[in-house]
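Report on the following structure.
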Amino acid sequence: MFERLIRRGEALAEQAARRRRDDLAEALREEAPAGVEVSEEGDGVVLGGRDLVRRFALDPALRWLVAGRRR
């Protein structure tokens, strides 16, 4: 009885999640410092680049970039 409603709810949730992921990736691309690559993989957004782990540890601006976008 509720199968159609459940499928519709799942579809809407997937669309919202995809839209949120796309918005997050775009915002990170605009604000990311030089040398940081932003890509969408599966259900998430991935940051990459040379020495990114070291840069993340040493650069507070990079940490704030990610921390401010968690929600």
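Computation of the quantities below employed the complete heavy-atom set of this structure, encompassing side-chain atoms and omitting hydrogens, waters and symmetry-equivalent molecules.
Rounding to the nearest 0.5 Å places CD of E3 at 10.0 Å from CG of L5. Annotation: the span from R7 atom CZ to R4 atom CZ amounts to 8.0 Å, rounded to 0.5 Å. For the atom pair R8 CZ and L12 CG, the distance stands at 4.0 Å (nearest 0.5 Å). E14 CD to R19 CZ: the interatomic distance, rounded to the nearest 0.5 Å, is 12.5 Å. Annotation: the span from L62 atom CG to E31 atom CD amounts to 11.5 Å, rounded to 0.5 Å.
The 12-atom threshold is exceeded at CG of D51, counting heavy atoms of other residues, nucleotides or ligands nearer than 6.0 Å.
Judged by distance alone, with hydrogens and angles left aside, the side-chain atoms of R21 form a donor-acceptor pair with the main-chain N or O of G42 at under 3.5 Å. A donor-acceptor pair is defined here as one N or O able to donate and one able to accept, closer than 3.5 Å; such a pair exists between the side chain of R63 and the backbone of F56.
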Given side chain to side chain contact (heavy atoms under 4.5 Å, CB included), test D22 with E40 step by step and report yes or no.
-> CA-CA 8 Å; D22 294 345; E40 299 173 45; 2.6 Å; yes
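Looking at V38, V36, L24 one by one, the single match for side chain to side chain contact (heavy atoms under 4.5 Å, CB included) with R29 turns out to be V38.
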